[in-house]
There are 2 protein chains.
Amino acid sequence: MSIQHTPHQNHLLDALPAAEFARIQPHLELVKMPLGLALYESGGQLQHVYFPTTSIVSLLYVMADGASAEIAVVGNEGILGIALFMGGETTPSRAVVQSEGYGYRLKAQLMKDEFNRAGPVMRLLLRYTQALITQMAQTAVCNRHHSVEKQLCRWLLLSLDRLPGNELSMTQELIANMLGVRREGVTEAAGKLQREGLIEYSRGHILVLNRPGLEARVCECYQVVKTEFDRLLPSLHNSVID
Amino acid sequence: MSIQHTPHQNHLLDALPAAEFARIQPHLELVKMPLGLALYESGGQLQHVYFPTTSIVSLLYVMADGASAEIAVVGNEGILGIALFMGGETTPSRAVVQSEGYGYRLKAQLMKDEFNRAGPVMRLLLRYTQALITQMAQTAVCNRHHSVEKQLCRWLLLSLDRLPGNELSMTQELIANMLGVRREGVTEAAGKLQREGLIEYSRGHILVLNRPGLEARVCECYQVVKTEFDRLLPSLHNSVID
DNA sequence: ACTGATATGTGCGCTACCGTACATACGCTT
DNA sequence: AAGCGTATGTACGGTAGCGCACATATCAGT
């Protein structure tokens, strides 16, 4: 049983008017996105933009001493490589595949050309960028004020929203990297959630058993981000026939 | 001796081509920006965009329990109200005047019309927005990993870069609000910097005595942000004849 | 079944920061 | 010069998260 792939699995692509989609579609290239792949490195030139369908990608800042933190997460609702059309060509962040799967990519020049038509594609991408900005800002605040446990809940829910099903493949070590905390801190927080029956995990597989329970325990940051995505990109809401 | 005001004191306005500037200039309105004024509130409709000249404005997220954190700072290098042209009309952040002074404002609709010409104005604003994104992301990382003292240094330097002279008016209480830490934490860090002769302060006035000393002590976050602003907005560099 | 690699669990001392309470110092007003 | 409001200094116990060390558990391959 092979899984069917279509660009419509990405909500941004799916939200494009027919004419724009028809123009872009021939140039979309399906790519496998294995765990750990860096779609781009800090400061590197962007060759493509990526539209994840079944994968999740983290935007990470890595510091000189190796410490890192995730500033945003991008899945089937978004696009990677916004620096391309924002005019900067590159950015100081890294984009790393956090949950493997597939996505479509588009050559940098084609993306720029489409954007420069200053039509629906541009408007959609800018709205998405604003939603991404909100996510980054809320992450900054969450980093400052909230406990590891709350942040773990936020991270789980944000990831879950971007994947089908209620399972995700991710070791605690990797989650710790994303959150910028110790692995042991994640173990402790995850253990607590498991003891309370909200999640179940073993060796890199996390199953969410009680999503409302997680939502009851997460900080407000999750809801702020979700609400803002829904507000800015309402068209992405009902397109879930994958 | 009255101070002369001109829109060219704002680097974005100054960087506009003559034709664009001529079109916008008649609609610019000089406004005083007193300490504590909220240019816009979380979720509120934006009536104007603001171009600070001698003031500094903080983008703040305030949470349900009152805790807050600054996610970016905007001065004479930038603009407030990017949500307007990004398509969202509003944003979940607050913009609060942190250092009083002046700025110019432009009616929301005029700003949108200019942006929608999809010319130099748009390109400049998008580049600025990308620089702002970098600042927000780096703030998130800094919040996660760096000590209050390092963050204070970063904050002082970023503010100083946006003001003439080497002095700023700001109580430790307010700085604590920006950084999202206790006032006592700021007192301690500032006291240490003062004992080492890097700064001098009393009752809301901070004088930077040894800027290289601060730069030697700040975390990398400051330089990353500054470098990215310089890279994305090089034209703003030499326009310092106020 | 054995081995090695990887993932998770646990304990311990340490530090930065928090919350709180209160003391001191400065500047403005009268 | 006195008085008041605001800004800053200091102290103290409490705690979340860190760095480290090491124990245990699970999976993959031979």
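In what follows, chains carry the letters A, B, and so on, assigned in the order in which the sequence lines appear, proteins first and then strands, with residues in each chain numbered from 1.
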Spacing of B:Ser93 atom OG and B:Ile71 atom CD1 [to the nearest 0.5 Å] |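 The distance works out to 5.0 Å.
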Nearest-0.5 Å distance that lies between atom CG in B:Leu156 and atom CE in B:Met170 = 10.0 Å
Can a side chain N or O of B:Tyr201 be found less than 4.0 Å away from OP1 or OP2 on D:dG9?
-> yes
With no hydrogens and no angle check, do the side chains of [X] and [Y] hold a donor and an acceptor under 3.5 Å apart?
X	Y	result
B:Tyr222	B:Asp161	yes
A:Thr187	A:Arg183	yes
B:Arg203	B:Gln172	no
A:Gln138	A:Glu220	no

More than 12 heavy atoms of other residues, nucleotides or ligands under 6.0 Å from CD of B:Gln194: is that the case?
-> yes
[X] [atom1] - [N] [atom2] separation (whole Å):
X	N	atom1	atom2	result
B:Glu200	D:dA7	CD	P	19 Å
B:Gln194	D:dT10	CD	C1'	15 Å
B:His145	C:dC17	NE2	C1'	17 Å
A:Lys192	C:dT8	NZ	C1'	18 Å
B:Asn143	C:dA16	CG	C1'	15 Å
A:Ile206	C:dT8	CD1	C1'	12 Å

Check the interface with nucleotides 17-24 of chain D: list each N/O to N/O pair with the protein under 3.5 Å, or write none.
residue : atom : partner  : partner atom : Å
D:dG17  : OP1  : A:Val148 : N            : 2.9
D:dC18  : OP2  : A:Arg182 : N            : 3.3
D:dG19  : N7   : A:Arg182 : NH1          : 2.6
D:dG19  : O6   : A:Arg182 : NH1          : 3.0
D:dC20  : N4   : A:Glu184 : OE2          : 2.8
D:dA21  : N6   : A:Glu184 : OE2          : 3.4

Summarise protein proximity over nucleotides 24-30 of chain C in one line of letters, 5' to 3': B for base, S for sugar-phosphate only, - for none, counting protein heavy atoms closer than 4.0 Å.
-> -BBS---
Which ones in residues 170-179 of chain B lie close to DNA chain D, meaning a heavy atom under 4.0 Å from one of its atoms?
->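 DNA chain D contact set from residues 170-179 of chain B: B:Thr171, B:Gln172.
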Do the charged groups of B:Lys192 and B:Glu196 touch, with an N to O distance under 4.0 Å?
-> no
Decide, yes or no, whether a salt bridge links B:Arg94 with B:Glu41 under the criterion of side-chain N to carboxylate O below 4.0 Å.
-> yes
Applying side chain to side chain contact (heavy atoms under 4.5 Å, CB included), run through A:Asn166 and A:Leu207 and close with a yes or a no.
-> CA-CA 6 Å; A:Asn166 61 340; A:Leu207 199 65; 4.0 Å; yes
Heavy-atom closest pair, residues A:Met63 and B:Cys221 = SD-SG, 4.4 Å
